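Residue numbers start at 1 and run along the sequence shown. Predicted model only: the values in this text are computed from it and were never measured.
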Amino acid sequence: MKISSNFDSGNIEVINADDPAHIRLRIPYDAGDEFMQWFHFRLNGAKDQDCTIIIEDLDKSAYPSGWEYYRACASYDRETWFRVDTDFDGEEMTIRHTPQLDTVWFAYFAPYTRERHHDLIAKCQLHPRVRHEVLGETLDGEDMDLLVVGDDYADDRLKLWAIARQHPGETMAEWWMEGFLTRLLDDHDPVSRELLQRAVFYVVPNMNPDGSRRGHLRTNAAGANLNREWAAPSLERSPEVYWVEKKMREIGLDFCLDVHGDEGLPYNFIAGADAIPDCPQRLIDLREAFEANLRRVSPDFQSEHGYPPKAAGEANLTYASTHIQNTFQALTMTLEMPFKDTVDTPDYFQGWSPERSQKLGASCLDAIWGILPDIKG
Ligand code: ZN
């Protein structure tokens, strides 16, 4: 039997893998030694044997509550990720599975590899309305990719931004991007066609390539949590944010969606930036209208459960959403998807999944379409 993680976004430390019934593992910390939660490994050579895999020390993980009612993801073909029997006792997580084939992959959530990212960029650039721009380099020397969708030579177009995966382990955010971009580039979709008559989309499908490849949950190569870097990004510590924020200032911005996953809460929800100093009421109304639209088109989305709202003026302006909304006085929201499943619309086999993330991405275009006339105020 062999357990390995020496591949794109792999992350596990083997303590003991001599006996399938008593496998013990640990999750290495992200660079910066502050966060650990993302795991991704494969197990070979235990076909038809009852495997008990214990992951230790999860009381020290970034979000211990993330393991409550959580079920690990597994796959034989790396396309379909299903959930397996998982328990958590407050300290250790136990995964029980009897592999039906020689090799089975396990992960915190369905991985979204760098290769798949390049496939996505390549597929999108074939569309005549797409431009692909490289904004700069990361610390590991990866490209920061921007897709410009629409007729950006026309001055009268709204400038709508979408960014994802500042936290690289939140892979559902890039799955969301696939659904969002695929529908936006569907020449037969009436909503996409009309949106592109009036708006240009500036899309960063992966804000944290280094963390993605390294198998981090939350940080880049320098150990920076990018969603706390927006007030003063630097080329030494957070070039990813530096390049994207610079481009936003160059181009302008009328709307921005920042896509994430939440470890603990079993819901899709929006975290608004209402608590910025002197937030205009029209931006609060616009956020509520966006959420109402999204609830109407997607039963997977809700607004009852989410983060507790902050008092007016109390916003932390190092976040993307608050920094951008405050800087551009334009609606900016964080969209959170679950690692577990949605309580109201569960899927026992897959839980929250790549496919459902893609559908939510596509639905967000309806919600944007609904508020388009009011985006600029
Ligand atoms: Zn996040």
Are any non-hydrogen side-chain atoms of [X] and [Y] less than 4.5 angstrom apart?
X	Y	answer
Y202	L147	no
M144	E137	no
R356	L360	no
N11	Y108	no

Open item on the list: Within this structure, what is the NE2-CG distance for the pair H260 and N227, rounded to the nearest 0.5 Å?
Closed with: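 Going from NE2 on H260 over to CG on N227, the span is 4.5 Å.
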Validation row, ring centre [X] to ring centre [Y] under 6.0 Å:
X	Y	result
Y63	F35	no
F301	Y267	no
H40	F7	yes
F339	Y70	no
W38	Y29	no

Task: Distance-only polar pair, side chains of D87 and T94, donor-acceptor under 3.5 Å - done: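 Short answer, no.
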Are [X] and [Y] ion-paired here, with the side-chain N under 4.0 Å from a carboxylate O?
X	Y	result
R218	E34	no
R183	D366	yes
D210	R114	no
R198	D156	no
R157	D151	yes
R287	E291	yes

